[in-house]
There are 2 protein chains.
Amino acid sequence: MRRTQAERSGATTAQLLDAARELFGRDGYAATSIDAVAAEAGMTKGAAYHHFPGKAGLFRAVFVVQQERMAAALEAAAAAEPDPRAALRAGCLTFLERCLDPDFRRIVLLDGPSVLGWETVRAIEYAHTLRVLRAGMTVLHEPDGDGDLTARCQLAFGALCEAGMMLARSDDPARALPVVAAEAERLLGLGR
Amino acid sequence: MRRTQAERSGATTAQLLDAARELFGRDGYAATSIDAVAAEAGMTKGAAYHHFPGKAGLFRAVFVVQQERMAAALEAAAAAEPDPRAALRAGCLTFLERCLDPDFRRIVLLDGPSVLGWETVRAIEYAHTLRVLRAGMTVLHEPDGDGDLTARCQLAFGALCEAGMMLARSDDPARALPVVAAEAERLLGLGR
DNA sequence: CCAGGTTACATACCTTTGGTATGGAAGTGA
DNA sequence: TCACTTCCATACCAAAGGTATGTAACCTGG
């Protein structure tokens with residue numbers, strides 16, 4: 001059976017990314033070996049090192065995929081709401097719900113900053129999740145105010161991440177979601 | 001020269017903790033080897049493994065020291081202000097200023113959650129930094145309100161950590177401090 | 001169609017490093 | 001003084017990140 005190079009490469013990288021997401025998400029970055037990821041994907045280390053610049057590079061690729069999925073989910077949720085405030089509220093809910101995914105929490109919230117560095121992580125997020133959040137908050141921000149929108153977005157984002165971790169830790173996330181979401185919306189200036 | 005066992009142990013652990021803080025803070029957890037820490041402290045691995053249960057255990061001890069120092073600084077800052085709101089404000093400033101220490105940022109904000117796990121980190125912080133923050137916010141919290149104080153503290157803490165990272169990343173932290181602090185105080189309900 | 005070159009991946013190997021086992025030196029208590 | 005414990009160094013093991021090399025699959029110009 002004759003496949004083109006692009007097909008081979010694409011299939012291999014996709015399998016590696018999927019296996020890496022599963023193992024990085026379940027066991028964490030440090031406890032996951034390249035050999036294990038390659039074995040899970042049905043190949044050996046050589047393939048991984050051929051397509052990615054190293055363990056951290058593979059992790060970074062997985063991280064970016066998570067960011068893309070989050071940004072898409074946020075934009076979809078916001079697009080369904082015509083009112084800016086309602087759209088921002090819906091985005092909050094969507095973010096918190098996606099924090100219930102253990103893979104997302106481990107890869108994006110826990111290991112990401114440590115492995116990739118804070119600046120790298122925020123740079124990637126500014127192209128995805130933080131970009132959508134900023135767009136939602138820009139509408140509600142009156143430019144004559146004294147506050148700094150960038151700082152406000154970033155602090156709100158930190159609070160949201162903490163809310164996501166807190167929510168996932170609770171005994172009954174479904175029941176805890178409203179109260180956590182209420183506090184998050186309050187911090188975003190959506191209160192009352 | 002005859003030293004008691006407690007003196008030997010205490011001096012050794014103190015040297016190890018100091019060397020570990022320096023290397024963990026400068027190079028990060030993953031890039032720091034136990035051999036390097038022991039060499040920096042003027043001894044070998046054996047000493048480290050005798051006094052600490054492993055690399056993560058040593059890191060945890062360093063983390064706790066950082067937390068103790070932060071909590072002490074916060075309490076000192078708050079005690080100097082009779083007004084509860086002013087005390088909380090002063091605590092914010094103190095927290096942000098201590099975030100300018102690269103060792104603190106790397107150990108507590110970046111590597112801590114990844115190495116120790118989120119729940120362990122927050123449990124330690126609830127005995128130190130978060131305890132002081134909660135005490136400060138309890139005074140301003142009217143119990144008849146609908147909000148959840150625990151969630152509010154935690155989200156505010158997440159925002160503060162983000163503010164600290166953002167502040168340290170800025171070109172001129174001294175100049176950026178007021179604007180970041182203003183946004184942080186706004187999130188804490190101290191605005192206006 | 002086919003030969004040279006490139007891409008994709010496997011295998012073998014090196015090095016670092018976390019952790020353990022063992023041995024000896026320093027301190028302690030009777 | 002003599003057993004016993006604590007403290008720390010040294011020697012060793014196994015796992016894992018990374019590299020070098022070999023080989024098979026694809027591509028391209030003639």
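Note that the structure is a prediction, hence the values are computed from the model and not measured. Chain letters run A, B, ... following the sequence lines, proteins first, then strands; residues in each count from 1.
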Rounding to a whole Å, what distance do you find between [X]:[atom1] and [N]:[atom2]?
X	N	atom1	atom2	answer
Asp35(B)	dT15(C)	CG	P	17 Å
Lys55(B)	dA16(D)	NZ	P	14 Å
Tyr29(A)	dA16(D)	OH	C1'	11 Å
Met43(B)	dT6(D)	CE	P	19 Å
Ile34(B)	dT20(C)	CD1	P	11 Å
His51(A)	dA25(D)	NE2	P	16 Å
His50(A)	dA8(C)	NE2	C1'	5 Å
Arg3(B)	dA26(C)	CZ	P	12 Å

Open item on the list: Hydrophobic clustering (ILVMFWY, side-chain heavy atoms < 4.5 Å, transitive) - are Val139(A) and Phe95(A) grouped together?
Closed with: no
Task: Closest contact, heavy atoms only, Asp148(B) versus Glu183(A) - done: N-OE2, 3.1 Å
Task: Nearest heavy-atom neighbours spanning Lys55(B) and Tyr29(B) - done: NZ-O, 2.9 Å
- [ ] Would you classify Ser33(B) as touching base, sugar-phosphate or nothing, given that sugar-phosphate means primed atoms plus P, OP1 and OP2, and contacts are heavy atoms under 4.0 Å?
- [x] sugar-phosphate
TODO: Go through residues 4-18 of chain B and report each residue with a non-hydrogen atom lying under 4.0 Å from DNA chain D, sorted by number.
DONE: Gln5(B), Arg8(B), Ser9(B), Thr12(B)
Open item on the list: Hydrogens and angles aside, do Arg134(A) and Thr150(A) bring a side-chain donor and acceptor to less than 3.5 Å of each other?
Closed with: yes
Open item on the list: Pairing donors with acceptors under 3.5 angstrom, does anything connect the side chains of Gln67(B) and Arg131(B)?
Closed with: no
TODO: Would you kindly check whether a donor in the side chain of Lys45(A) faces an acceptor in the base of dG18(D), or vice versa, at under 3.5 angstrom?
DONE: yes
Open item on the list: Tell me if the CZ atom of Arg60(B) is crowded by more than 12 foreign heavy atoms within 6.0 Å.
Closed with: no
Task: For Asp111(B), the option from Arg105(B), Arg21(B), Arg106(B) that meets salt bridge (Lys or Arg N to Asp or Glu O under 4.0 Å) - done: Arg106(B)
Open item on the list: Return whichever of Gly42(A) or Pro53(B) has its heavy-atom-nearest nucleotide of DNA chain C closer to the 5' end.
Closed with: Gly42(A)
